[in-house]
Every structure is written in C-alpha cells, then in structure tokens.
Amino acid sequence: MGLESIVFYLFAVIVVASALVVVLSKKIMYAAFSLLFTLFGIAGMYAMLMADFIAVAQIMIYVGGILVLIVFGVMLTTKITGVDVKTGPTGKLNYIAGGLLAVMVAGSLAWLYTSNSWISAPVNETNTSINAVGNLLLTEYLLAFEVGSVLLLIALIGAALIARRK
Amino acid sequence: MAIGLNEFLVVSAILFALGIFAIVTRKNAIMVLMGLELILNSANLNFVAFACFGGMNIEGHIAALFVMILAAAEAAVALAIVLNIYQNYKHVNVDEVDSLKD
C-alpha cells in the first residue's frame, strides 16, 4: 500500500464521515461545521487529481464564501439561545424511505461505475494546471466566463434586494 | 493497489446519495441547501476525476469551475429567500411553508 493510497483513503474517510455527520446530526450548527471538513477533504482529493487551481478555488469559494453564507443563514434564522437550533426529520416513515432511496442510489451508482471498465489515458504528471485553465477560460470559454461574471453580479443585487427589510 | 478512477467515482456516488438523503428527509431549508452543496460537490469530483484520468483534459476543470460559480450564485439567492421566509413565518421548515402570499 503506497503513500498515495494512504492519503486517498484518509481523505475518503474524512469526506464520507463528515458528510454523514452533516446529514445525520440533530443540531444544524454541527452540520454546518462538519460541512467544512467535507469541503476540505474534497479539496484534498482535487489536489490528488492534479487539479491545483480547482483545489484552491474550492477552498476559497466553498469554505470562504458559501460556508460562511450558510453559517450566517443558520444564525439569522434560528434562535441560538432557544431550543430551535435543532432540525428534525419530517417523520419516521420519511426517514426510512429516504434512507432506502439513498442506499439504492449509492448502490446503483457504485455498481454502474465499477462494473464498467473505463478506458483511461495514462496520467501525465503536470506541474500546474493554471496555465491551461487560464488559456481556455480566456479563449474558448470567454463568453461563458463573461456571462458567469454578469450572473454573479445579478445574483448579488437580487439577493440584496430580496433579503432587504421591508 | 494503486488508486484509479473507480475509487474517486465511488466516493462521489456516496456523497451524492448522502445529499439526496439530506434533501429528502430534512425539513429545515438550510439543511436542504447543505444537501444540495454535497450533490454539487459530488458532481464536481466526477468532472475532475474524469479530467485527470482522461489524459489531463482541462475542460473538466472548466466545467467544475462553472459549477462552483453557479453554486455561489445559488447559495446567495437561496439564503436571501430563506431569510424572507423566516421574516414571514418565524421558521424555515420547508414542509410548512405552503401559501404564496399572506
């Protein structure tokens, strides 16, 4: 078992265990903080897949942006001092049906993935993917890039408008 | 045993199923959002894994980047809507929010 396998299984255990805590924990604040470890674990997996720019973007956008937003949402919509910080399931039947659905989805997806023999190209080790990503973003995907920036601006203005106090 | 494509795909399948579970069973709107983030992350992991094992095809990275942009926009708008729901109902349980106007 090489070093690569050990690092991969470490990240896999971190991701799956903290995602389980996100899904199953009764307290919503614990779920939000556990999501932090999931996102960091996935960033580590991106780094293992030689996607350094995506790994850094994952940490900056998800951990630095979206997770902070979610924590703000938790604090603004629940009474921290009261008992309202908990989030319950919608019922026992729903819980069982959801668990069954999740197991079926995971099983069928995993079976589909592993029963296929993927034809994979040999992994060529690159030092950094930033040059290639920048080149593609500003040549082939320039329109999508600009539309994405306009979309972010619109979403920002719209969110400020919706969340404004009357 | 070296780490291949299948291991990453299995991790992403598990993440996807956990996200589905959170969306289906939780009634707090923010927990539903967290499940959504898990699903988007699992899709991103697939994109990057296929990009790496498909001969370092950078277009997978670009797709993952655009998914992140959309996730940021979605989270901002969704949380604004959740704050509005909280102002009107004093809770954010998605199964009890059932009127279009008050």
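For clarity, every value in this text was computed on a predicted model and none was experimentally measured. In what follows, chains carry the letters A, B, and so on, assigned in the order in which the sequence lines appear, proteins first and then strands, with residues in each chain numbered from 1.
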Original post:
Does any heavy atom of chain A fall under 4.5 Å from the side chain of B/Ala71, the backbone, both, or neither of them?
Top reply: both
**OP:** Any chance you could lay out the side-chain contact (heavy atoms from CB on, under 4.5 Å) test for A/Phe8 and B/Val11, step after step, and finish with the verdict?
**Re:** CA-CA 10 Å; A/Phe8 171 79; B/Val11 170; 4.0 Å; yes
**OP:** Give a yes or no on whether A/Phe37 and A/Val21 share a hydrophobic cluster (residues Ile, Leu, Val, Met, Phe, Trp, Tyr; joining criterion: side-chain heavy atoms under 4.5 Å apart).
**Re:** no
**OP:** Identify the two heavy atoms, one from B/Met31 and one from A/Val22, that lie closest to each other, and give their separation to 0.1 Å.
**Re:** CE-O, 3.2 Å
Original post:
Which pair of heavy atoms, one from B/Cys52 and one from A/Met50, lies closest together, and at what distance?
Top reply: SG-CE, 3.9 Å
Subject >> A/Phe11, part contacting chain B, at a heavy-atom distance under 4.5 Å >> reply: neither
**OP:** Identify which of A/Ala31, A/Ser149, A/Gly148 forms the greatest number of heavy-atom pairs closer than 4.5 Å to chain B.
**Re:** A/Ala31
Subject >> Distance (rounded to the nearest 0.5 Å) between A/Ser25 OG and B/Met34 CE >> reply: 8.0 Å
**OP:** Look at atom OH of A/Tyr113 and say whether more than 12 heavy atoms of other residues, nucleotides or ligands are closer to it than 6.0 Å.
**Re:** yes
Subject >> Pair A/Tyr95 + B/Phe21: ring centers closer than 6.0 Å >> reply: yes
Original post:
Using non-hydrogen atoms only, which part of B/Leu9 is less than 4.5 Å away from chain A: side chain, backbone, both, or neither?
Top reply: both
Original post:
In chain order, what residues pass the ring pair (Phe, Tyr, Trp, His ring centres under 6.0 Å) check against A/Tyr62, with sequence neighbours excluded?
Top reply: none
Original post:
Are A/Leu76 and B/Tyr86 close enough, and set up right, to give a side-chain contact (heavy atoms from CB on, under 4.5 Å), and what steps lead you there?
Top reply: CA-CA 9 Å; A/Leu76 286 175; B/Tyr86 183 70; over 6 Å; no
Original post:
Is there a path from A/Val13 to A/Ile6 through hydrophobic residues (I, L, V, M, F, W, Y) whose side chains come within less than 4.5 Å of each other?
Top reply: no
Original post:
Non-hydrogen atoms of chain A under 4.5 Å away: do they reach the side chain of B/Phe50, the backbone, both or neither?
Top reply: side chain
Original post:
In the single-linkage hydrophobic clustering (I, L, V, M, F, W, Y; side-chain heavy atoms under 4.5 Å), do B/Leu33 and A/Met75 co-cluster?
Top reply: yes
**OP:** For each of B/Leu5, B/Leu70, B/Ile62, B/Asn93, tally heavy-atom pairs with chain A at distances under 4.5 Å, and name the one with the top tally.
**Re:** B/Ile62
Original post:
For chain B, which of A/Leu69, A/Val105, A/Leu156 has the most heavy-atom pairs under 4.5 Å?
Top reply: A/Leu69
**OP:** Below 4.5 Å from any heavy atom of chain B, which atoms of A/Ala144 appear? Answer side chain, backbone, both or neither.
**Re:** both
Subject >> Winner by heavy-atom pair count (cut-off under 4.5 Å) against chain A, out of B/Ser12, B/Gly4, B/Gly55 >> reply: B/Gly55
**OP:** Could you have a look at B/Ile81, B/Ile85, B/Ile30, B/Ile14 and say which one has the most heavy-atom pairs with chain A under 4.5 angstrom?
**Re:** B/Ile30
Original post:
Once you round to the nearest 0.5 Å, how far does CG of A/Leu20 lie from CG of B/Leu18?
Top reply: 5.0 Å
**OP:** May I ask whether A/Leu36 and A/Val16 are part of the same hydrophobic cluster, defined by side-chain heavy atoms of I, L, V, M, F, W, Y residues being less than 4.5 angstrom apart, directly or through others?
**Re:** yes
**OP:** Please indicate whether A/Phe72 has more than 12 foreign heavy atoms, meaning atoms of other residues, nucleotides or ligands, lying under 6.0 Å from its CZ.
**Re:** no
Original post:
Is it the backbone or the side chain of B/Leu79 that comes under 4.5 Å from a heavy atom of chain A, or both, or neither?
Top reply: side chain
Original post:
Which bit of A/Ile61 comes within less than 4.5 Å of chain B, counting heavy atoms only: side chain, backbone, both or neither?
Top reply: side chain
Original post:
How close do B/Ala80 and A/Ala159 get, heavy atom to heavy atom, and via which atoms?
Top reply: CB-O, 3.5 Å
Original post:
Taking every heavy-atom pair that is under 4.5 Å apart, which of A/Ala51, A/Gly158, A/Ala110 has the most such pairs with chain B?
Top reply: A/Ala51
Subject >> Segment of A/Ala160 engaging chain B (4.5 angstrom heavy-atom cut-off) >> reply: neither
Subject >> For A/Ala57 against B/Leu65, the heavy-atom pair lying closest together >> reply: CB-CD1, 4.1 Å
Original post:
Which of the residues B/Leu45, B/Ile20, B/Val92, B/Ile23 is involved in the greatest number of heavy-atom pairs with chain A at under 4.5 angstrom?
Top reply: B/Leu45
**OP:** Just do the side-chain contact (heavy atoms from CB on, under 4.5 Å) check on B/Asn41 and A/Thr38 with the steps written out, would you?
**Re:** CA-CA 9 Å; B/Asn41 266 298; A/Thr38 311; over 6 Å; no
Original post:
Given the options B/Leu83, B/Asn57, B/Ile58, which has more heavy-atom pairs under 4.5 Å with chain A than any of the others?
Top reply: B/Ile58
Subject >> Qualifying residue for side chain to side chain contact (heavy atoms under 4.5 Å, CB included) with A/Ile66, from B/Met68, B/Glu74, B/Glu37 >> reply: B/Glu37
**OP:** Could you check if a side-chain atom of B/Asn6 sits within less than 4.5 angstrom of a side-chain atom of A/Asn116, using non-hydrogen atoms only?
**Re:** no
Original post:
In terms of hydrophobic clustering (I, L, V, M, F, W, Y; side-chain heavy atoms under 4.5 Å; direct or indirect links), are A/Ile59 and A/Leu10 co-clustered?
Top reply: no
Subject >> Residues of residues 131-139 of chain A contacting chain B, heavy-atom criterion under 4.5 Å, by residue number >> reply: A/Ala132, A/Val133, A/Leu136, A/Leu137
Subject >> A/Val23/B/Leu38 under side-chain contact (heavy atoms from CB on, under 4.5 Å): CA gap, chis, key distance, verdict >> reply: CA-CA 10 Å; A/Val23 169; B/Leu38 287 184; 4.1 Å; yes
**OP:** Kindly write out the residues that satisfy ring pair (Phe, Tyr, Trp, His ring centres under 6.0 Å) with B/Phe47, not counting sequence neighbours, or none if the list is empty.
**Re:** none
Subject >> Donor-acceptor pair between A/Gln58 and B/Asn44 side chains, under 3.5 angstrom >> reply: no
**OP:** May I ask you to name which of A/Ala97, A/Ala32, A/Ala102, A/Gly73 has the most heavy-atom pairs under 4.5 Å with chain B?
**Re:** A/Ala102
**OP:** Give the member of A/Ala163, A/Ser108, A/Ala12 that has the highest number of heavy-atom pairs under 4.5 Å with chain B.
**Re:** A/Ala163
Subject >> A/Leu24 CG to B/Thr25 OG1 distance, which is reported to the nearest 0.5 Å >> reply: 8.0 Å
Subject >> Region of A/Leu101 that comes under 4.5 Å of a non-hydrogen atom in chain B >> reply: side chain
Original post:
Under the ring pair (Phe, Tyr, Trp, His ring centres under 6.0 Å) rule, what pairs show up with a residue in residues 60-79 of chain B, not counting sequence neighbours?
Top reply: none
